[in-house]
**Student:** 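I'd like to ask you about the structure that follows.
Every chain is numbered from 1 and lettered A, B, ... according to where its sequence line falls, protein lines coming before strand lines. Everything quoted here is computed from the prediction, not taken from an experiment.
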Protein chains: 2
Amino acid sequence: MRRMTARPGNAHQARLLTLLRDGGPNSRAQLGDQVDLSRSKLAVEVERLLETGLVVADGLAASRGGRRSHNIRLAPALRFLGVDIGATSIDVAVTNAELEVLGHINQPMDVREGPVAVFEQVLSMAAKLKASGLAEGFDGAGIGVPGPVRFPEGVPVAPPIMPGWDGFPVREALSQDLGCPVMVDNDVNLMAMGEQHAGVARSVGDFLCVKIGTGIGCGIVVGGEVYRGTTGSAGDIGHIQAVPDGRPCACGNRGCLEAHFSGAALARDATEAAQQGLSEELAARLEAAGALSAVDVAAAAAAGDATALDLIREGGNRTGQVIAGLVSFFNPGLVVIGGGVTGLGHTLLAAIRTQVYRQSLPLATGNLPIVLGELGPTAGVIGAARLISDHLFSPA
Amino acid sequence: MRRMTARPGNAHQARLLTLLRDGGPNSRAQLGDQVDLSRSKLAVEVERLLETGLVVADGLAASRGGRRSHNIRLAPALRFLGVDIGATSIDVAVTNAELEVLGHINQPMDVREGPVAVFEQVLSMAAKLKASGLAEGFDGAGIGVPGPVRFPEGVPVAPPIMPGWDGFPVREALSQDLGCPVMVDNDVNLMAMGEQHAGVARSVGDFLCVKIGTGIGCGIVVGGEVYRGTTGSAGDIGHIQAVPDGRPCACGNRGCLEAHFSGAALARDATEAAQQGLSEELAARLEAAGALSAVDVAAAAAAGDATALDLIREGGNRTGQVIAGLVSFFNPGLVVIGGGVTGLGHTLLAAIRTQVYRQSLPLATGNLPIVLGELGPTAGVIGAARLISDHLFSPA
DNA sequence: CGACTTCTTCCACTCAGAGGACAAAGAGTG
DNA sequence: CACTCTTTGTCCTCTGAGTGGAAGAAGTCG
């Protein structure tokens with residue numbers, strides 16, 4: 001089939017597309033209730049959208065007490081590709097125009113293998129999804145990378161954990177290979193957009209989304225929009241000092257949050273504890289697997305291992321201290337905790353909450369929910385799909 | 001004279017008013033270059049503004065090579081009142097519609113005397129300005145208070161250093177007394193707006209404005225707009241933990257930045273040092289005045305007193321640490337340091353810069369100026385005038 | 001003085017959008 | 001089933017915002 005070529009011709013059409021995306025199939029009448037346009041105007045714009053093929057008729061709606069309305073919906077053949085490149089694995093998903101995930105695959109891979117190898121992998125994963133009959137082609141793709149991005153150009157800048165990616169024209173290259181429009185953003189920002197679109201952050205205007213994975217980052221949403229900072233490095237909280245004169249960090253400083261708590265730090269601490277004989281549980285796992293990861297710590301904690309729980313609590317305290325500072329500064333309406341370590345679950349959450357509620361002022365914490373992300377690994381890919389759909393559903 | 005009653009009738013007129021406010025008198029042709037409207041449309045809107053009296057003719061402009069243009073400007077009789085209520089003093093100023101300060105008076109007063117006493121004082125200061133012939137009345141007033149504000153209603157909420165102000169209807173009360181529209185905001189936000197309008201932050205979209213006075217606060221500007229947070233307490237960085245298990249703070253926690261460095265903390269430290277005989281300079285000043293303030297420390301430092309310099313450096317380090325965290329998080333394009341302690345000047349600035357440049361990542365600090373505010377005590381009142389003019393120059 | 005620019009006004013024309021009238025299609029009622 | 005009432009969709013007219021061209025007014029420059 002011919003892929004999506006049209007774009008909304010004006011702001012009204014763009015608004016209608018987003019309503020259909022976020023609210024699913026809808027009747028003209030219901031749309032009219034939401035957009036504050038005259039019926040005639042609405043009819044004209046819907047007609048134009050139908051002509052472009054972005055929107056199709058979808059049967060009759062139930063009666064609301066009078067004549068039944070004809071439903072319309074976004075073209076069911078539209079497909080978006082959501083790609084979430086993590087430090088150690090890649091998530092790729094296909095969604096329809098309503099951003100529902102139709103297929104999702106995950107594959108371990110180290111970003112440090114460089115952009116060429118990574119994108120080869122991404123393309124083969126995308127091909128696999130296509131081959132399974134979920135899509136005949138892609139109308140757009142959103143890509144998340146684990147480092148700062150110059151957003152308008154879609155190019156990673158000075159990514160500490162991604163040597164070889166600096167300045168690589170991700171957007172352009174992938175747009176070529178996939179043959180569709182592409183947008184690139186920091187993975188944390190995409191997670192925030194995902195939780196905003198389909199997760200816990202619906203209907204919250206200003207919130208923070210802290211992602212604890214191999215590193216630690218924070219998505220910042222202001223007035224419903226992701227804030228990226230002057231150079232695209234906003235939310236880079238992994239290198240905030242959490243412990244004065246603490247551990248040396250890869251960045252050259254000491255005591256960075258990331259050096260004391262993150263997937264990588266946790267694995268290292270656990271290994272050390274196991275070798276020192278502090279925990280039989282962890283030692284057994286180390287023996288079995290040859291190396292420990294955050295997942296092992298989570299499992300050990302779930303099994304009641306005191307050392308593992310201590311590690312998590314300790315890390316949660318550190319993280320909570322930093323978040324407390326951010327809460328005082330930013331006064332968000334919600335804090336979402338997500339990322340690979342969500343498996344650490346409520347032990348971690350409790351530690352973070354304790355610190356934040358203790359250290360920040362009541363006015364800021366009074367009505368501040370601190371919750372785990374709802375979408376897990378799909379947050380990133382949904383956010384990626386959302387990113388490209390926001391782009392494509394805005395006037396050209 | 002009759003005060004300003006009209007408001008711009010549409011977004012075009014609002015835009016023209018702001019252009020005239022920020023750019024001074026201007027010809028129709030020059031305005032046309034900036035607004036992307038057809039000449040005819042522009043002429044119509046200007047005509048309407050002239051009818052309302054908000055704008056008046058102002059002679060002929062210089063020729064740009066052809067027929068000379070007729071200048072127009074904002075009504076010269078328009079007057080805004082800018083009020084900046086600090087913890088220990090009150091600033092009141094009158095500005096014209098271009099937000100130029102025509103008169104400015106300052107009077108010491110403790111906010112803790114409560115809103116009634118303070119506003120009595122404010123009104124008498126405003127009356128004094130009026131009596132000196134600078135204004136026949138006020139078309140609007142902006143008020144800054146040293147604590148969080150529920151912005152839409154213009155009401156202070158839970159202000160720690162302002163007992164008796166919680167919930168006081170500042171906006172409504174002053175609007176009654178002054179007989180003109182009033183807007184209320186946190187003093188730090190107003191300082192940020194002032195520096196943005198007429199100071200160092202012109203043409204910067206995203207920046208932080210750290211005010212170190214009796215307390216410490218931070219104005220946050222995102223995309224040219226002040227960000228106030230969910231409950232109006234954004235930027236309240238005085239109670240971020242700067243020293244683990246540090247000094248007890250009035251808020252109930254330990255180690256808050258404000259407890260270790262602020263006008264109040266500095267005065268206390270200096271007094272202590274003087275009493276312990278660590279500094280002859282400070283001891284002499286204590287003897288002479290009976291008490292020490294931040295100003296004394298600044299003077300002693302200027303005179304080369306080692307103890308005073310140490311105090312400033314120490315405080316700068318602490319503040320710099322906190323700011324470094326904020327820079328990593330927020331990735332601003334500029335950091336402005338202002339407030340009462342600007343007298344501490346470059347010693348303080350150097351200490352802050354050192355910390356920030358050392359602790360934050362290069363991508364965030366690479367092109368990040370950290371500078372002292374340019375406007376000193378007028379930043380607040382200019383920001384206040386800007387606040388109300390933004391309000392009045394927007395469509396009703 | 002004449003040629004060329006720039007500024008301003010006037011006017012005809014286009015077009016988005018509102019809103020009313022009316023027809024179509026359903027629900028509810030006796 | 002006949003009737004009324006409601007909701008939906010379409011058509012048509014009207015208004016007002018805005019554009020762009022033409023022409024006059026008021027300059028500059030050689």
**Student:** Side chains of L42(A) and E45(A), heavy atoms from C-beta outward: is any pair under 4.5 Å?
**Tutor:**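 A side-chain contact is absent here, since even the closest heavy-atom pair is not under 4.5 Å.
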**Student:** According to side chain to side chain contact (heavy atoms under 4.5 Å, CB included), who are the partners of H70(A), at least two apart in sequence or on a separate chain?
**Tutor:**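 For H70(A) the side chain to side chain contact (heavy atoms under 4.5 Å, CB included) partners, ignoring immediate neighbours, are R28(A), L60(A).
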**Student:** Can any side-chain N or O of Y227(B) pair as donor or acceptor with the backbone N or O of G223(A) at less than 3.5 Å?
**Tutor:**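 A pair under 3.5 Å: no.
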**Student:** Quick test of your reading of the model: are K41(B) and D36(B) salt-bridged, counting only N-O distances below 4.0 Å?
**Tutor:**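 Here K41(B) does not pair with D36(B) in a salt bridge, since their nearest N and O are not under 4.0 Å apart.
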**Student:** Using only side-chain N and O atoms of S69(B), determine if any of them is under 4.0 Å from OP1 or OP2 of dT6(C).
**Tutor:**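 So the side chain of S69(B) is outside the cut-off, no N or O lying under 4.0 Å from OP1 or OP2 of dT6(C).
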**Student:** With a 4.5 Å limit on heavy-atom distance, are the side chains of F207(B) and T230(A) in contact?
**Tutor:**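 No, side chains not in contact.
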**Student:** What I'd like to find out is whether the side chain of R48(A) reaches to under 4.5 Å of the side chain of V44(A), using heavy atoms alone.
**Tutor:**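 They are in side-chain contact.
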**Student:** Can you sort out which residues in residues 41-49 of chain B have a heavy atom within less than 4.0 Å of DNA chain C? Ascending by number, please.
**Tutor:**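 Listed by number, there are none.
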**Student:** Under a 4.5 Å cut-off applied to non-hydrogen side-chain atoms, are V182(B) and Q176(B) in contact?
**Tutor:**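 A side-chain contact under 4.5 Å is absent here.
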**Student:** Counting only non-hydrogen atoms, which of residues 56-65 of chain A are less than 4.0 Å from DNA chain C?
**Tutor:**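 Output list: S63(A), G65(A).
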**Student:** If you take any heavy atom closer than 4.0 Å to DNA chain D, which residues from residues 26-40 of chain A end up in contact?
**Tutor:**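 DNA chain D contact set from residues 26-40 of chain A: R28(A), A29(A), R39(A), S40(A).
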**Student:** Would you mind reporting whether R7(B) and S394(B) have side-chain heavy atoms less than 4.5 Å apart?
**Tutor:**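 In contact.
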**Student:** Looking at side-chain heavy atoms only, is the closest gap between R79(B) and K130(B) below 4.5 Å?
**Tutor:**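 When only atoms from C-beta onward are counted, K130(B) and R79(B) do not touch, as no gap falls below 4.5 Å.
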**Student:** Kindly state each residue pair satisfying side chain to side chain donor-acceptor pair (under 3.5 Å) with at least one member in residues 192-207 of chain A, sequence neighbours excluded.
**Tutor:**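 Listed by first then second residue: H197(A)-R386(A).
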**Student:** Pick from V55(B), V35(B), L37(B): which one makes a side-chain contact (heavy atoms from CB on, under 4.5 Å) with L16(B)?
**Tutor:**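 The residue from V55(B), V35(B), L37(B) that satisfies side-chain contact (heavy atoms from CB on, under 4.5 Å) with L16(B) turns out to be V35(B).
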**Student:** Does R67(A) make a side-chain donor-acceptor contact with the base of dA24(C), cut-off 3.5 Å?
**Tutor:**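 Looking at the base of dA24(C), it does pair with a donor or acceptor on the side chain of R67(A) (distance under 3.5 Å).
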**Student:** Show your reasoning for whether side-chain contact (heavy atoms from CB on, under 4.5 Å) applies to F393(A) and L20(A).
**Tutor:** CA-CA 11 Å; F393(A) 290 173; L20(A) 289 173; over 6 Å; no
**Student:** Quick check for you: to the nearest 0.5 Å, what is the distance between S69(A) atom OG and Q30(A) atom CD?
**Tutor:**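 Taking OG in S69(A) and CD in Q30(A), the distance rounds to 7.0 Å.
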**Student:** Let's see if you get this right: which residues in residues 10-23 of chain A place a heavy atom under 4.0 Å from DNA chain C?
**Tutor:**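 Output list: H12(A).
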